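From a predicted model like this one, the values you see are computed outputs, not experimental measurements.
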Amino acid sequence: MSPEVAGEPEPQRDGVDLRRVVQVVVTVGDADGVRLASGYRVTRDTVLTAAHALDGAAAVLARFFTDEGTPCEVPGECVWADDGTDIALLRIEVDARPGGRLDGRLAADVPPVRFGRIAQLAEVDCGALGFPWFKLRSERASLDGRAATTYRDSHYARGRATANVREGTLEFTVQAPPAPRDEPRRSPWEGMSGALVWSDGHVIGVVTTHHGREGIGRLTASRVERWYADLTRRQLHQLERILRLPDRLDGLNEVSGPMPPADGPGELGRAAGRLASLVRSQWKAEEERRRVHDPAPLQVRFRHAEKVPFDYWARIRGVPLAADPGPLPLADGLDRIVQVYRSVPSGRLVVLGAAGSGKTILTTRFALGLLKNPARGDRVPVIFGLGSWDPAALSLRTWMSRTLVRDYGLGAAAQDGRTLARALIEEDRVLPVLDGFDELAPDLRLKALDALNSLGDMPLLLTSRTQEYIEAVEEKSGKPRKVLTGAAVVELERLTMGDLGDYLSGMGPPDGDGRTSPWVPVLEELRKEPRSQGAQNVAEALGTPLMVTMARTVYGDAGEGRPQDLLSTRSFQDADAIREHLVAAFIPAAYRPLADDSGTRQWDAERAQHWLRHLAVHLSALGSRNLEWWRLGTAMSRRARVCLIGFLAALAFGVTTGIGNIPVDMVVTHYGLGRAMERGLVVAVLHGLVAGLGFGALYGSAYRGVAPPARVRVQIFGRSRVQRGVEPRSKFLAGLVLGALAAAALVLVDRGIVARIGLADGLESGNLVGTVLFVPGFGLAVGLVLGLMAWLEVPDHIESAVSPAALLTSNRNNVLVHVLMWALVFGVGAAAVNVFVMGPLLGIGAGLVFGLEAAFAGGLGYGLSLTAWGQWVALARIWLPLTGRLPWRLIEFLDDACRRGVLRQAGAVYQFRHAELQDHLSPPPQPDPHSP
């Protein structure tokens, strides 16, 4: 039999020659004591192996394998060993004569191996070929044909290696570790000792130990580089002579291991590095707010979802379908999700679970784990909430690009003209972590699967509730109809009694003895056999991390409430009643006074729940989990929003122009203050009416009533050559036309109404040419404002903070710059014209008045109707608080809700931290019992 396992890849690329791999058979004491190890033939008659494997050896055999898999054994003798580095050399007998022990190709001269060392703090791809115990095989006739026997086949372990700083050894993290065995005292890696660790064609270590406490997927190896510090000069000379080991440390070739793209050179490398930093900061802060590590993380586990349709194992493992390589060992815990993901050759993993089972926290741990220990070829993990994706309208890449621009400021143009967001995705620098497949509408889930499969082999991690995913991939008859190509599927398990005991016993303040938690009476009831009905209800209700977290909040770290009350079947008839109680009590508990409340506003729990209910109903109406500040007012009808925006624009424009007309009338006419104020009032009403109708119409037609936030800033110097040249031109033309129309409407009002009721200021009839020129001049000024702003705006810095408040501040600043630009263009233009007509003093005064009017009338009107910040001010900062549906200090309230664990920040949006809480606050409408 070949020493390779069917379906495992050929290791030749790493420098391993299968004909030189050795299984070391050590006879200890009497003939019945046999120990097996691994080794490698480093010269014609020398095998390198682990020293401890030869302890107490009475005889040693080196077992080779021919190309056909036939074993060939030769005696060996230990000629050199060192216990400190745990390496040894065997001298074997090589007889090249016909009929000799190693005739043919096995007896041929072999080239020396190349030794190497890994760069400081580097993590390199590596592999080791040996004969571990878990590859034990049976039911094969022995060589003499008299009896069946057992044997160990070879295993080529792939993974990544890094240096242990203090011990000086090599830590070898295996990509696909074996499944745990029934014999806990016996390592499945027994027999792997002595296998050489290869990286990039160089030997960088020798496997020596498996420390069980480090998990099933980590091996320890003697590091070649450390030999130079631990061996004597005489020993090094011996290895130099026998193995051709370089005589000096700097003679070893350095295996650097390419760093992840996030740290790579070039424009995209820098952008990816900054993106990785932002993602790390974002989710690390979220973990701190969720107190994931206080007192310790819950031990969430997962296993392979055998009952859920999934793709062929061969496709998942990247081998031909005919190879049938068998399943991967996927069962593990939350703290090992990165290792499990890396063990999937396709790079595609689906994580399923019930509501509250820990899918979202798994995505956070996964992203932070990848960023904490990046490896060669790693992409930057970015968590995307799938609930806002419409696969029928946008491709996944386009939607992800827009999300990266919105949340991480990646809208700047790359050298090839693409946005940095688009370039990072198309150049495989981003690993999509797609959270919430179940949040897609049922009729969109199949389209989403089609879209994901159309991406080819793009690595990803997808989460979903189990039932919703099954409904998407199965026919009603239970037959699979579609699977996610190349994706392994795991399912989160319910918490065990041991998990609950470890976590709950540390919750709440201890009793007087300093050891007993308030949860101890509950835990004692849960441990009883048989359990009472109350204990059974509690165990079932607290089977998910969500409910445990809510129980912690409700019953508090300060000892609020009595957890043992949950055992009462009179108060809680079943597990559902306990869940409903915890969800309902969560918000009042969350709004208890905070321990570190210095400078923090204390919100009334009842009012906070009222405001949160409005937000939840708003999200349910939108069918979304993302609370976007620029859409907070869209719960109002479109007609109501148009009227409100129009009214506010009319108020800003009318008041400004009305007041501005008073000093002008007093200066350029002979009328007194009373007449000027009377005319100013009429002008304010009529001009405000025109402005309200105009800006209201603009708001209703643009963006379908929802203005998206802009990730741009104003930059005059150091601008990129890559410009969206058509946009300033198109905005200039749009401003020219709309401005001319607005000016014509104002002239008609002044000449057709104001003048006819006897309130003319004398300018309309006395200066017909000026009136005619006013229309194109006004249009030109509006066009210049919009065109200049479009030309000066560039994508925001990627270094800018990632938060809803930061995006809101950025948009507010843009509107303020807009207002200033209106003042400058109109003020300078009006002054330049009127200086020649009225003289320097009056001309400059007129310019100042026109500038202020333009800023507060045109600038504010534009901001209210055509920007996200203006819509936010009108609806979320004025109308909704005025009607009692939201607080006046809304951002402060939302940020405080994040601090209390009610909401969370996901990039530039807020979300309810628990979807179940949002659903509880916004129950679906009940059907009318009187309806037919």
Gap separating the [atom1] atom of [X] from the [atom2] atom of [Y], nearest 0.5 angstrom:
X      : Y      : atom1 : atom2 : answer
Leu410 : Leu420 : CG    : CG    : 6.0 Å
Trp872 : Arg812 : CH2   : CZ    : 11.5 Å
Gln467 : Leu352 : CD    : CG    : 10.5 Å
Thr553 : Phe586 : OG1   : CZ    : 4.5 Å
Ile337 : Asp332 : CD1   : CG    : 8.5 Å
His618 : Leu627 : NE2   : CG    : 6.0 Å

Pair Phe384 + Trp389: ring centers closer than 6.0 Å: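 Not under 6.0 Å, so no.
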Is a side-chain donor-acceptor pair under 3.5 Å present for [Y] with [X]?
X      : Y      : value
Glu286 : Thr364 : no
Gln609 : Tyr591 : no
Arg342 : Gln175 : no

Those residues that, when tested against Tyr910, pass ring pair (Phe, Tyr, Trp, His ring centres under 6.0 Å) (two or more places apart):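 None.
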Trp313: ring pair (Phe, Tyr, Trp, His ring centres under 6.0 Å) partners, not counting sequence neighbours: His304, Phe310
Does any part of the side chain of [Y], heavy atoms only, come nearer than 4.5 Å to the side chain of [X], both counted from C-beta?
X      : Y      : answer
Asn626 : Gln911 : yes
Arg379 : Pro459 : yes
Val344 : Leu330 : yes
Leu424 : Leu268 : yes
Leu880 : His614 : yes
Trp869 : Thr809 : no
Thr867 : Asn814 : no
Val489 : Val483 : no

Please identify each residue that fulfils side-chain hydrogen bond (donor to acceptor under 3.5 Å, both in side chains) with [X], with sequence neighbours left out.
X      : answer
Ser395 : Thr398
Glu493 : Arg303
Ser624 : none
His581 : Tyr555

Salt bridge present between Asp919 and Arg625 (N-O < 4.0 angstrom):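 Looking at Asp919 and Arg625, the cut-off is met.
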Check against side-chain contact (heavy atoms from CB on, under 4.5 Å), Val300 and Leu362: CA-CA 9 Å; Val300 180; Leu362 180 142; 5.9 Å; no
To check you understand the geometry: which heavy-atom pair defines the closest contact between [X] and [Y], and what is its length?
X      : Y      : value
Tyr469 : Pro309 : CE2-O, 4.4 Å
Ala805 : Asp895 : CB-OD2, 4.4 Å
Leu500 : Leu542 : CD2-O, 3.3 Å
Pro177 : Pro329 : O-CG, 2.6 Å
Asn811 : Ala868 : OD1-CB, 4.2 Å
Glu474 : Lys307 : OE2-O, 4.3 Å

CA sep, side-chain torsions, deciding dist, call: Val350, Val308, side-chain contact (heavy atoms from CB on, under 4.5 Å): CA-CA 11 Å; Val350 177; Val308 179; over 6 Å; no
Is there a donor-acceptor pair under 3.5 Å between the side chain of [X] and the backbone N or O of [Y]?
X      : Y      : answer
His914 : Val583 : no
Arg494 : Glu540 : yes
Ser454 : Ala451 : yes
Lys359 : Leu462 : no

Full working for side-chain contact (heavy atoms from CB on, under 4.5 Å) between Val382 and Leu431: CA-CA 6 Å; Val382 179; Leu431 174 62; over 6 Å; no
Greater than 12 external heavy atoms within 6.0 Å of Asp450's CG: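 Atom CG in Asp450 is crowded, with more than 12 foreign heavy atoms closer than 6.0 Å.
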Within 6.0 angstrom of Arg885 CZ, more than 12 heavy atoms from elsewhere: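 Yes.
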Ring pair (Phe, Tyr, Trp, His ring centres under 6.0 Å): pairs with one or both residues in residues 327-361, sequence neighbours excluded: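 Matches after skipping sequence neighbours: Tyr341-Phe366.
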Please tabulate, for side-chain N and O atoms in residues 434-441, each donor-acceptor pair with protein atoms closer than 3.5 Å (sequence neighbours left out).
| unit_1 | atom_1 | unit_2 | atom_2 | d |
| --- | --- | --- | --- | --- |
| Asp435 | OD1 | Thr463 | OG1 | 2.5 |
| Asp435 | OD2 | Thr360 | OG1 | 3.4 |
| Asp438 | OD1 | Arg465 | N | 3.0 |

Any residue meeting salt bridge (Lys or Arg N to Asp or Glu O under 4.0 Å) with Glu426, in chain and number order, not counting sequence neighbours: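 With neighbours one apart ignored, the set is Arg418, Arg422.
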Non-neighbouring partners of [X] that pass side chain to side chain contact (heavy atoms under 4.5 Å, CB included), sequence neighbours left out:
X      : result
Ala616 : Phe912, Gln918, Leu921, Ser922
Ala392 : Asp390, Leu444, Lys447
Gln299 : Arg301, Asp499

side-chain contact (heavy atoms from CB on, under 4.5 Å) assessment of Leu615 paired with Leu894: CA-CA 10 Å; Leu615 295 175; Leu894 296 176; 3.7 Å; yes
Qualifying residue for side-chain contact (heavy atoms from CB on, under 4.5 Å) with Leu582, from Leu546, Val554, Thr549: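 The option that passes is Val554.
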With Arg348, the side-chain contact (heavy atoms from CB on, under 4.5 Å) member among Leu461, Thr485, Ile316: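 So the option named by the test is Thr485.
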